[in-house]
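Each residue takes its place number in the sequence, starting with 1.
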Amino acid sequence: MSSKLFPILEYVALLSVILFQLEPRIAHHSNNVVMGCIDEEREALLTFKQSLVDEYGFLSSWGRDNDKRDCCKWRGVRCSNKTGHVKVLNLRRSDDENSRGQVLKGTISPALLKLHDLRHLDLSNNHFRGSPVPEFIGSLSKLRYLNLSCGTSLLKVPRPFRCLSEFVYLHLENSNLFSLGSLGWLSHLSSLRHLDLSYINLTKSSDWFQAVAKLRSLKTLVLHSCALPPINPSSIWHFNLSTSIETLDLSENNLPSSSVYPWLFNLSRNIQYLNLGFNSLRGSIPGAFQLMVSLRTLYLSSNELEGGIPKFFGNMCSLNRLFLPKNKLSGELSEMIQNLSGGCTMNSLEGLSLLDNDITGPLPDLVGFSSLKVLILGKNRLNGTINKSLSQLSKLESLSLGTNSFTGVISETFFSNMSNLQMLYLNDNSLTLKLSHDWVPPFQLKSLSLASCKIGPHFPKWLQTQNQLISLDVSNNGISDAVPDWFWDLSIELVLLNLSNNQIRGKLPDLSFLRYDDIVIDVSSNHFWGPIPPLPSNSTFLNLSKNKFSGSITFLCSIIKNTWNFFDLSSNLLSGGLPDCWLNFDSLSILNLANNSFSGKIPDSMGFLHNIQTLSLHNNRLTGELPSSLKNCSQLRVLDLRENALYGEIPTWIGGSLQNLNILSLKSNNFHGNIPFQLCHLALIQVLDLSLNNISGNMPKCFNNFSAMTREKSSNPIIGLADKIWILPRYVYMYSYLDNVLLTWKGSEYEYKSTLGLVKCLDLSSNKLDGAIPEEIMDLVGLIALNLSRNHLTGPITPKIGELTSLDFLDLSRNLFSGSIPSSLSQLSGLGFLDLSYNNLSGKIPLGTQLQSFNASVYAENLEFCGLPLANMCPDEESTPSPGTDDDSNTLEDEDDQFTTRGFYVSSILGFFVGFWGVCGTLMLNRSWRHGYYNFLTGMKDWLYVTAAVNIAKLQKFRS
């Protein structure tokens, strides 16, 4: 028996070896057959890999080596157990990886067409920028799931793609905002359950509602930021949107209430997630929301909703998250919390955001909200101390109370139960944190903002325990300590670091170790000293201004590749020449090197800063002419080169190539020649300062082309840059830069920053200009300041000057103006500063409330002025003498004697007698009148006392 079995077993063993070597392999495991990778599909995937840029080695498991031959074991690849065909290709990067730039790049190869059985394709959160959705994608006939979000440009929908009726999941979100026409093709995708077209411009898709309404199986619809056209009211009743929808996101489409509410509440029974944020919803929150009995998450952020939180929200038992930030909600917070406490919502609510509304009052007791994980109440008008009940919310993960008026002291016992806390924002309150030196917090924070809280003078040691921090803001905390060495070891994971506005001393270490993309570093306004250390090339915001850094900045030329957007080294002790390697910094929008001791010429390579919006080099020792390469910086809004030693004529290309300029300051240099008429092309200019140069000739008549100065109002009070970075999912950090300019105003220099966008100023003072003031300048009715002093201007002051109704500052002193002051000047009711001194003006000062309010010195050193406020009166103002009298014979004493006659004394006595006894006698005789009179005096005394006490208290509070 055994001798017969041996050959059989030997044959089976040999056959097994042979089968094991075959491709594809076949192995028996119970009843399941596992097939290996098919050669053709492996080669297709490797061809696809060659079209990608894999900087982080995500596809390192893909290859032809013996240990990598089975493509079914490759990262992101799944095959059928029965056939060996690739069914799933999932190379999606996480949101965190995407935000840090750890993604795949390149193009999508048509080699994927050889994956005949591909059902699931997910290439989302990668960067195939500029690469459109390939036409061949629509030819993958068995495809059921497609996710290309944030990776490609959608130029058009591939034609075969429109006929895939078995499609279940379609996610084409992209951020390039290419326009898409009719969405009628969607009706062919009858099995579609998930549709996401976010960031695709659907302005021309007027049929979007009708097309979506035909998708009866649809459960998820996301049309975020699609510029959706308003819904035609007549179509609402002809098309019923699928009642199976559970997730609906129509945020950031500027949809009005009338386009949303009529059909929205028909979806009420099944909808679980609803996002209508960033639209134009107005009025109070409608009561129909209470019909959404399955609703778990409601986002109504960034609308114009008013009133408070309705009571019905307190009885929505499924509601987990209620996010209402950035609206116009008002009222007491305690009342809103009470409305949420009336029913089952108090137990289910996990997230509440009322950020950036107009909510007032103290923080109420929240101990009943035991499930609360997220509480965002920042940017309101809340006051008082922080309620201790917060410390009982043990599940709390995110707590934001910043930018309110909270006061008091927070100790470590407040945080004793908050072991789950990950995000803590207490910034911009009047809070003091008293935490012991050896305190070990129970939590591990990822994001912390304590800006403007009192923490110092020592650097908080407890931060040493927080090894998961990715965002830290301890600005303006009164810290006057050195940064300990352990902190820089901790900072390697940081995306945001803000130590600004303290008195921190010492040297900065090498910061190039910070490894993540889009890093924000702000250490401005401290006492850091020494040379600038190596900086991270992957940063987006670097502010090292207002410190004591010294040395040169030639190290910049060693940074070949960077992502810098904002770079500020102003107000330090830096010196040497400006490096000539700016072609490596093409991404810069803001470059501020002002208030240092840089010398030499402005390098030609600065013309490669094609995205630069603000270039500030003022108050240095720069010399030479302006390089013509700067004309390539066509995005410039602010060009501030004042207080240097630059020379030459003002280049004509400034007006021809830099037409986006809002601010141009060449003050206090050595420019000469005429003002080129090409400057008149600067239609957006608001501040033009050419003062303290050697400019000569006439003023151009075309200044009335300064369109921004012809408008009395400005749309934005600030000029600057604002951007954001993602700190945690759904949490962003906004950083901003406000441009600032020093202007000579009323004899002193003032810095304009938060109101710079409102300033409209023309300053040509201290030059050698001659001729008359062109009447065309009087078209600049938005001008707030006009300074033409210290020139050689001649002729009369035009009567049209009264048309400059916005003027607050007018200085025409030290010129050669002649004639009289035009009467229209007295009509400038808002004029706060005037100087007409040292001219050849004469005549009467026009009467008016304004011109007589100035000191006489503003009219000094002219030919001959008369009238108030001067002492010398005009001839027509002198009093006419009485007939038959001699002016010289009447002295003041004589006039007094003539006035005090016998009749004067008799009248005085009679008047006193009648007045005193007429009142007092009546009060003595009439009892009711007497009581009424004394009651009136008593009431008046009490009113005066209370009023005085209140005003004194307000004054003391203001002073404190």
Side-chain angles (χ1 to χ4, degrees), residues 277 301-305 308-309 322-334 336-337 351-364 366 372 374-387 390 396-410 414-415 421-433 445-456 471-479 496-502 520 522 524-525 541 543 717-718 720 722-728 730-738 753-755:
S301 56
S302 297
N303 282 284
E304 298 181 40
L305 298 171
I309 296 179
L322 179 61
F323 283 68
L324 306 172
K326 297 188 177 183
N327 279 284
K328 297 181 179 179
L329 301 179
S330 59
E332 292 277 331
L333 178 62
S334 56
M336 297 182 184
I337 296 301
L352 174 65
S353 176
L354 300 175
L355 174 77
D356 201 1
N357 280 283
D358 191 30
I359 302 171
T360 57
L363 194 63
L366 295 169
L372 208 58
V374 176
L375 180 62
I376 312 293
L377 301 176
K379 292 188 178 180
N380 280 286
R381 292 195 292 132
L382 303 176
N383 55 35
T385 57
I386 295 180
N387 197 301
L390 279 183
L396 209 58
E397 297 175 1
S398 298
L399 175 62
S400 174
L401 304 176
T403 318
N404 279 288
S405 299
F406 290 118
T407 58
V409 176
I410 295 181
F414 178 79
F415 300 107
L421 201 62
Q422 297 180 28
M423 188 198 83
L424 176 63
Y425 288 0
L426 299 176
N427 55 290
D428 300 306
N429 285 287
S430 299
L431 295 171
T432 300
L433 270 68
L445 295 176
K446 292 184 177 179
S447 184
L448 172 65
S449 179
L450 300 176
S452 299
C453 294
K454 187 176 180 181
I455 298 176
S471 167
L472 175 63
D473 186 347
V474 286
S475 59
N476 194 27
N477 289 150
I479 300 173
L496 180 144
L497 173 62
N498 191 345
L499 303 177
S500 65
N501 293 289
N502 285 290
V520 172
D522 190 348
S524 61
S525 300
F541 183 101
N543 191 349
I718 63 173
D723 209 341
K724 62 186 178 182
I725 60 169
W726 290 93
I727 302 299
L728 296 170
R730 297 196 177 276
Y731 291 104
V732 298
Y733 178 84
M734 297 294 300
Y735 64 89
S736 62
Y737 171 80
L738 301 184
K753 195 170 185 178
S754 59
T755 59

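Annotation: the span from I386 atom CD1 to T407 atom OG1 amounts to 9.0 Å, rounded to 0.5 Å. For the atom pair CG (N380) and OG (S405), the distance works out to 10.0 Å, reported to the nearest 0.5 Å. Between the CZ atom of F415 and the CG atom of L424 there is a distance of 5.0 Å, given to the nearest 0.5 Å. Considering CE of M336 and CG of L352, their distance stands at 10.0 Å, rounded to 0.5 Å. In this structure, D356 CG and N327 CG are separated by 9.0 Å, a value rounded to the nearest 0.5 Å. A distance of 6.5 Å separates CG of L401 from CG of L363, quoted to the nearest 0.5 Å.
Counting heavy atoms from C-beta on, the side chains of D522 and L499 never come closer than 4.5 Å. Side chains of P364 and L333 form a contact here, defined as non-hydrogen atoms less than 4.5 Å apart. Taking 4.5 Å as the limit, some side-chain heavy atom of L450 sits within range of a side-chain heavy atom of I455. You'll find the side chain of I309 reaches within 4.5 Å of the side chain of L324, heavy atoms only. Side-chain contact between L375 and L366 is present, with at least one heavy-atom pair separated by less than 4.5 Å. L382 places a side-chain heavy atom less than 4.5 Å from the side chain of I359. A heavy-atom distance below 4.5 Å is not found between the side chains of N498 and L472. By the 4.5 Å heavy-atom criterion applied to side chains, N383 and F406 are not counted as neighbours.
In this view, N502 and N477, I479, I504, N526 satisfy the side chain to side chain contact (heavy atoms under 4.5 Å, CB included) rule, not counting sequence neighbours. For K454, there are no salt bridge (charged side-chain N to carboxylate O under 4.0 Å, His left out) partners two or more places apart in sequence or in a different chain. Taking S353 as the reference, F323, P325, L355, I376 meet the side chain to side chain contact (heavy atoms under 4.5 Å, CB included) condition, with sequence neighbours excluded.
Comment: R381 engages D358 in a salt bridge, judged by a side-chain N to carboxylate O separation of less than 4.0 angstrom.
The shortest non-hydrogen separation linking C453 to L433 is CB-CD1, 4.3 Å.
Although no hydrogens or angles enter the test, the distance criterion places a donor-acceptor pair under 3.5 Å between the side chain of N429 and the main chain of N404. Judged by distance alone, with hydrogens and angles left aside, the side-chain atoms of N543 form no donor-acceptor pair with the main-chain N or O of S524 at under 3.5 Å.
Using modelled atom types and a 3.5 Å distance limit, the side chains of S475 and N501 yield no donor-acceptor pair. Between the side chains of Y425 and T403, no donor N or O sits under 3.5 Å from an acceptor N or O.
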> When you look at Q422 and S447, which way does the side chain to side chain contact (heavy atoms under 4.5 Å, CB included) test go after all the steps?
Replying inline: CA-CA 7 Å; Q422 297 180 28; S447 184; over 6 Å; no
